[in-house]
Each structure stands twice: as structure tokens, then as C-alpha cells.
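Following: one structure in C-alpha cells, then a few remarks.
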Amino acid sequence: MSETPMLDESQLLTVDDDVNAFTLTTTIDLATTARVERATLRGTAHGVFEARIDGRPVSAGVLAPGWSSYERRLPVEAYDVTPLVRDGAELEVLVGNGWWRGKLGFLGLDLDYGSQIGFIGELEITYSDGTVQWIRTNRDWTAQTSHFTQNTLYDGVRIDATVVPQPLEITVADVDRDTLILQEKPPIERHEVIAPQRIWRSPSGATLVDFGQNLVGWTRLTVNGRAGAEVVIRHAEVLEHGELATRPLRGAKATDTYVLSGADDVFEPTLTFHGFRYVEVTGYPGELSIDAIEAVVVHSRMARTGSFECSDPRVNRLVENSVWGQKGNFLDVPTDCPQRDERLGWTGDIAVYASTACYQFDASDLLHNWLLDLRVEAEHSGFVPFVVPNVLKLIPAERRATWNLPLGATAVWGDAAAWVPEALWWAYGDRDRLEAHYPGIVLHLESILPRLSASGLWESGFQFGDWLDPTAPPEEPMRAKADATVIATACLYRSARFGAVAAELLGRSDDRNRWNDLAERTREAFREHYVSPEGRIRSDAQAVYALAIHFGLLDDDEKARAGERLAELVAEGDYRVATGFAGTPYVVWALTETGHVDIAYRLLLQDELPSWLYAVKMGATTVWERWDSLLPDGTVNPGEMTSFNHYALGAVVDWLYKAVAGIRPAEPGYSRLRLQPTPGPGLDWARGSLQTRHGLVECGWRRGVTGEITIECTVPAGIEADLILPDGTTRVLAAGIHHTTHREAALR
């Protein structure tokens with residue numbers, strides 16, 4: 001069996017542009033009576049596809065081949081279909097729009113990769129006598145209309161069970177075979193199935209269903225009614241005034257429509273996905289029962305690896321909100337949000353969240369593949385684009401002027417090229433993959449160099465800054481208190497420093513010296529121009545102190561003064577969050593690293609707006625985009641950019657995993673552990689676990705009634721751990737379960 005995508009003699013089959021979805025069919029006529037030893041179906045699409053043999057799916061995957069930088073990397077799926085192949089079996093492929101012809105973007109951009117959708121594939125059959133047979137897509141296949149009469153990712157689907165499939169004329173389209181690659185990322189699959197928690201009538205009389213969890217996927221509906229009758233299902237994340245709050249969806253209709261056959265129907269809209277907790281059902285014959293509808297959770301396959309729990313159920317809910325946010329936004333591409341007219345691979349979100357993601361799930365394959373897309377997009381544009389895949393490059397030239405989109409390297413967003421590989425390196429320690437990601441790091445750093453001032457500061461070009469600082473006006477999310485150039489220069493230092501580490505690991509001594517020099521010049525310029533003799537950092541905002549401390553830009557005395565000032569700012573702000581996307585992941589780290597653990601805990605446990613636990617108090621089951629996506633009176637934030645499933649601000653849970661529970665890698669891939677649990681006020685106990693490549697790691701602590709702290713750790717076989725106690729004492733632990741108890745006062 002071939003180990004690389006072939007398809008060299010197959011043809012990309014398509015139909016008229018105005019056909020929304022169609023099916024391709026061929027009959028499997030076996031070439032010999034010998035036993036079928038192996039059968040592999042390979043295929044890809046301009047669009048998405050589902051393949052069946054005699055009506056049986058060839059895999060559990062949906063929305064294949066997913067979304068990638070199609071012009072340069074079109075993934076070919078490969079399925080073992082040996083048990084399904086028989087003489088006379090029917091091979092059928094459903095083709096839909098997916099991301100290819102998806103009207104992607106936001107606020108009416110309506111971006112498509114092409115005007116036609118199509119499928120190219122081959123069935124390779126190997127017989128016991130050594131014969132190899134190929135069944136390839138060509139004009140001998142037949143095409144028909146589908147029951148999916150409409151399908152888009154943003155708007156939903158229309159499935160008409162009364163449709164009698166009609167023949168379509170097949171045409172052959174062009175495909176650049178140099179772009180075909182073997183699929184590396186995990187498949188998109190169905191996961192949990194969730195029953196309704198409540199079905200009731202809204203004030204307007206609409207039938208509403210609450211699934212109790214904001215999720216991503218679709219509903220599966222069972223219904224029997226008059227032929228031709230329609231059932232309409234609308235989706236939303238929250239309610240407002242007792243009705244679906246659809247305004248945050250912006251242009252996305254998020255609506256599925258089903259036309260009944262007159263018999264027993266089961267509808268499942270597998271050519272779309274929605275972000276929702278609530279649905280409104282219209283036209284259902286009779287009363288909708290809890291047995292008639294269920295929510296199907298859909299995301300890329302990822303093994304759950306990390307856990308955390310503590311004595312405060314609100315914090316546990318925050319962690320679960322982060323987990324659900326990752327599931328919903330790791331649907332083939334790490335996206336910003338899964339519900340509105342956007343759902344793009346924004347680089348800034350995953351830049352700050354990657355470390356969290358790699359603790360919660362095994363995200364290695366998905367993020368590796370995404371970084372390969374980032375590399376080719378950066379090679380094409382000359383800098384890391386805001387979104388990967390970079391669908392924004394499809395904006396016509398005449399519309400670019402209207403949108404006035406900034407172009408060029410940006411901090412945090414562009415730094416995904418370095419920070420995501422850094423997270424993967426520490427989580428998994430895969431040198432070959434680091435080597436594959438290294439060119440993206442270089443592209444990013446080199447794109448910044450022309451933007452540096454004579455003093456070595458990153459002070460030119462567009463910056464997102466500390467995006468969505470809670471003090472910024474609702475419609476001006478970039479107007480953060482933190483100086484954007486301070487943020488940018490700090491981020492450059494972090495990326496250059498990891499560039500040097502990567503170069504050293506890969507044996508590139510010249511590059512190591514180059515990036516080390518850049519890092520040191522940046523650090524000195526930062527300290528000279530942004531740090532006052534009194535230790536104040538320009539703009540005197542929580543975010544600039546958090547980054548300067550956590551990224552290592554300050555000398556010891558400067559770090560201590562910065563920590564004191566950060567603690568003062570947090571206290572002056574009544575222990576409420578005052579950071580956006582750039583500062584939020586690092587503010588509690590910076591407090592902890594400068595001896596202000598009590599302040600970090602008070603900041604975490606605050607539940608007044610703005611805070612992490614405010615959303616929990618308001619009933620959130622995922623992380624919100626804005627601190628006040630839902631206002632205290634229960635109404636939706638009036639801004640046009642409000643998502644209730646946006647994981648970036650949930651990056652704080654990385655601190656819970658690695659500081660509070662204390663599970664950190666001392667060496668890449670957790671080949672040596674650094675266990676550093678950090679007790680603090682407000683929690684009685686905390687514990688975490690992590691399934692590493694070397695086995696299960698556990699660490700946690702508990703406060704006794706008489707003031708003692710008991711720390712318990714589990715070290716897997718074959719490795720050692722450095723246990724660092726809160727007083728700074730270090731013990732080397734061998735494999736096994738370890739307990740140690742100390743008076744809390746003695747640990748300070």
C-alpha cells in the first residue's frame with residue numbers, strides 16, 4: 001500500500017457552480033476472485049466530503065479534509081476500507097462547501113477559495129495473489145443532487161428529505177498536484193452526546209431547548225410529520241430577555257432547516273457546525289420531547305491529558321470552561337470563536353493559549369499541522385498573518401482599500417510563530433518537529449527587524465497591543481492602558497530568546513548567536529527606554545509589568561520593584577483584572593514570581609467585574625471573549641464583537657496547572673519534572689495530574705486544620721523530579737508516590 005498520496009491519475013470531479021452539494025457514485029467491480037487483502041480509499045476535496053460504501057461510513061470523521069492553506073497544502077485523507085469492500089458495492093461520496101466555498105471572514109467579507117467544489121480520490125485494492133487494482137475518480141462516475149440543498153458553515157444547512165436525486169453533468173476541474181500532502185492532523189469527529197436539560201416556551205411562544213453547556217457541533221433531530229413540512233432550528237450561546245440572543249452571531253444565520261419525508265426521519269447537519277447552548281425549534285409536529293433532540297459535540301480528536309481540581313468549585317468551573325473552550329475551538333484549526341461570522345485561526349489567541357492547550361489535551365498533531373500552514377502563509381506574505389490559514393489574503397484589491405487592513409508583523413499575534421513551537425517543545429520535546437517549525441520563527445523575527453527604531457525598540461507599524469483591556473471602550477478594543485510599543489518590544493525579546501534556544505538545539509550556531517544578540521539588544525533597549533530609575537515601566541499598567549517580569553526583561557532589583565508596583569496596582573484596582581489578551585496569561589505568574597502569591601490568589605478568586613470568576617458567577621460554561629460579554633443585568637454587551645466561547649482569557653488556568661498544582665517540565669517533554677506546588681489563601685487544597693510521554697504525573701497540596709501543608713506527588717517510572725517547596729528548598733524525587741508535610745509558616 002502506498003504511504004504517500006497518489007491521485008496522480010485521478011481527476012477532480014465537480015458539477016455546475018450553482019449546485020450547493022452533490023454526491024458522486026461508482027460501483028466497485030473487483031478485478032479478480034482472489035481475496036481482498038487490503039483496501040485503502042484516499043481522497044481530498046475542494047470543499048468537504050463524506051465517503052460511504054454500501055451506505056456505511058468509511059470512518060468516524062466528518063468535514064474532511066478540514067481547513068488548511070489550500071493553495072499550498074491540500075491534505076489527502078487515507079482510510080482502511082478493507083472490511084467494506086465487496087464485488088458490486090457502491091462507493092458514494094457526498095461533497096459540500098466546507099471552508100472552500102464558505103463565504104468566510106466577518107462583517108460581509110464573504111471570502112471563497114473557489115467557485116466550484118469537487119472531489120478527487122482513488123480506491124487501491126490489493127489481492128492475496130499480488131494483484132493491485134485502482135478505482136480512480138473520472139468521468140465514468142455518476143453525480144446526483146443531494147438532500148443537502150443548502151450548506152454553509154456560518155448559516156447552517158437545509159436538508160430536504162423529499163428530494164428525488166437528479167443526475168448532474170460531471171466536469172473535470174484543475175488541481176495543483178504539487179499541493180497534495182498526506183493528512184497529518186487528527187480527524188474531526190463526534191464526541192459527547194448531550195441530552196436537553198430543559199424544554200420550554202419563551203415569552204414569545206417559541207420552543208426553546210437548553211443543553212446546559214455551551215458547545216460546538218450540531219443537534220440530531222428525530223421526527224415524523226407531514227411530507228413537505230419544515231422544522232427550523234436556530235442556535236445561540238445565551239438568552240436575552242428570555243429569547244435567543246442572536247445578535248452576537250452578526251451575519252451568521254446559524255439555522256438548520258429540515259423538510260420532512262412523511263416517514264420517520266433522523267436529521268443530522270454534518271456539513272456545518274454551530275456554537276450554542278440553546279436552540280429554538282419551530283415547526284416540530286406536536287410537542288418536542290427530550291427524546292427527539294440531542295446535541296452532538298464535534299471537534300478534532302484529542303486525548304485529554306491534564307486535570308485540575310481544588311476546594312473552590314468556582315475555580316473548578318473556570319478550568320472546565322477552558323477545557324470546553326478548547327474543544328469548541330480546536331475544530332481542525334485553533335480558532336478565535338466557533339459561532340459567529342468569523343471562526344478564523346487568529347494567531348494571537350493561540351499564541352497565549354498554546355501552553356494551556358498542551359496541558360489539557362494532547363494537541364501536538366493539530367498544532368504541528370497548523371504551524372506548517374503558518375510557515376507557508378508567512379513565506380507567501382513575508383510576515384506572520386493575523387489568521388492562519390490566511391483567508392484574508394483573498395480580499396479583492398479594491399476592497400482592501402475600503403477595509404484599510406494593516407499589513408506587517410505584529411506582536412503577540414505574529415509571535416505565535418515562536419510561542420506555539422515553544423509550548424510544543426516543552427510539552428512534547430520533539431526535535432524533528434521543532435526543526436520543521438524553526439523556519440517560521442526565523443521568518444517572524446526577520447520580519448520585525450526592519451520595523452525596529454534606531455534605539456532597538458519595536459515602535460513602528462500596527463499593533464493590537466493589550467487587546468480587550470477592560471478599560472478600553474467597547475468599540476475600540478486596542479485602546480488599552482498598556483503602551484503597545486512596550487508590549488511589542490517585550491514580546492520581541494521573548495521570541496528572540498526562544499529563537500536562540502531553538503537554533504542551539506538544532507545545531508545552528510550562527511543563528512544562535514544572531515538571536516541571542518537580538519535578545520540582549522532588545523532587553524537593554526527595553527530597560528534603558530521603558531524602565532525609570534524608580535522602577536516604573538512606561539504606561540504603568542498591569543500588563544507591562546506582567547510581561548517584563550515573566551519574560552525575564554529585568555535585572556533582579558528591577559524585577560523586585562516591578563513586582564511591588566504590580567502588586568500595588570492590583571490592590572489599588574480592588575483585585576480586579578485590568579489586562580487584555582497580552583497581559584492576562586502572565587499577571588498571576590508575575591505576582592507569584594515576585595513573592596506576591598497572596599495577591600495572585602486574591603486576583604484569581606475575585607468574582608466582581610472584571611474578573612475570571614465573574615463569568616462563572618453569571619453562569620458561563622465556556623470562557624468569554626470580553627470580561628463583560630454578559631452584563632450584570634443579564635443583557636449582552638452592546639459591542640459588535642462579543643463571543644461567549646473564546647479561550648484566550650482562559651490562559652490563566654496554565655498558572656493553576658503549573659503553579660498552584662505545580663506540575664512543570666524541568667526538561668522538554670517532561671523527561672525531568674519540576675514539581676513546585678504553591679499554596680495560597682482562599683483554597684484549602686489543590687491537585688493536578690498530567691499524562692506525559694513518560695507516564696502519569698500527579699502533584700497537589702492540602703492545608704490541615706492545624707496549619708500544616710501536606711504535599712503529595714507521583715513521579716512515573718524512569719524519570720526524576722525536582723520538588724521545590726514554597727520556602728525554596730529543593731528535593732530530588734525518584735519514581736513513586738511521595739508525601740511531605742510542613743508547617744505552613746515554615747514554608748514562607
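Residue numbers start at 1 and run along the sequence shown.
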Inset, instruction - Answer with yes or no after comparing the ring centroid distance for Trp467 and Phe464 against a 6.0 Å cut-off, counting only values under it. - result: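 For Trp467 and Phe464, the ring centres are under 6.0 Å apart.
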Legend entry - Centroid-centroid distance, Tyr359 to Phe361, less than 6.0 Å: no
Looking at [Y] and [X], is any side-chain nitrogen of the basic one under 4.0 Å from a carboxylate oxygen of the acidic one?
{"X": "Glu558", "Y": "Arg561", "result": "no"}
{"X": "Lys393", "Y": "Glu71", "result": "yes"}
{"X": "Asp430", "Y": "Arg693", "result": "no"}
{"X": "Glu640", "Y": "Arg250", "result": "no"}
{"X": "Glu435", "Y": "Arg508", "result": "yes"}
{"X": "Arg340", "Y": "Glu342", "result": "yes"}
{"X": "Glu504", "Y": "Arg431", "result": "no"}
{"X": "Arg674", "Y": "Glu667", "result": "no"}

List the residues meeting ring pair (Phe, Tyr, Trp, His ring centres under 6.0 Å) with [X], not counting sequence neighbours, and say none if there are none.
{"X": "Trp426", "answer": "none"}
{"X": "Tyr601", "answer": "Trp655"}
{"X": "His444", "answer": "none"}
{"X": "Tyr670", "answer": "none"}

Legend entry - Residue list, side-chain contact (heavy atoms from CB on, under 4.5 Å) with Ala252, at least two apart or on another chain: Tyr154, Leu249, Asp341, Arg343
Inset, instruction - Sequence neighbours left out, what passes side-chain contact (heavy atoms from CB on, under 4.5 Å) with Arg521? Give chain and number order. - result: Asp517, Leu518
Inset, instruction - Output all residues satisfying salt bridge (Lys or Arg N to Asp or Glu O under 4.0 Å) with Arg72, sequence neighbours left out; order by chain, then residue number. - result: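 Per chain and number, Arg72 pairs via salt bridge (Lys or Arg N to Asp or Glu O under 4.0 Å) with no residue.
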Inset, instruction - Apply side-chain hydrogen bond (donor to acceptor under 3.5 Å, both in side chains) to Trp100 and list each qualifying residue two or more places apart in sequence or on a separate chain. - result: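 With neighbours one apart ignored, the set is empty.
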Legend entry - Ser447: partners by side-chain hydrogen bond (donor to acceptor under 3.5 Å, both in side chains), with sequence neighbours left out: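 Ser447: no side-chain hydrogen bond (donor to acceptor under 3.5 Å, both in side chains) contacts found.
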Pairs meeting criterion salt bridge (Lys or Arg N to Asp or Glu O under 4.0 Å) with involvement of [range], two or more places apart:
{"range": "residues 464-476", "answer": "Glu476-Arg479"}
{"range": "residues 347-360", "answer": "none"}
{"range": "residues 438-447", "answer": "Glu446-Arg514"}

Inset, instruction - Could you check whether the rings of Tyr353 and Tyr647 sit parallel, tilted or perpendicular, using 30° and 60° as the cut-offs? - result: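 Tyr353 and Tyr647: parallel rings.
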Legend entry - Aromatic ring pairing Trp413/Phe581, orientation class (parallel under 30°, perpendicular over 60°, tilted between):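 Answer is parallel, since the angle falls under 30°.
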Legend entry - Polar contact flag, side-chain donor to acceptor under 3.5 angstrom, Gln360-Ser322: yes
Legend entry - Side-chain H-bond candidate by donor/acceptor type, Trp67 with Tyr113, under 3.5 Å: yes
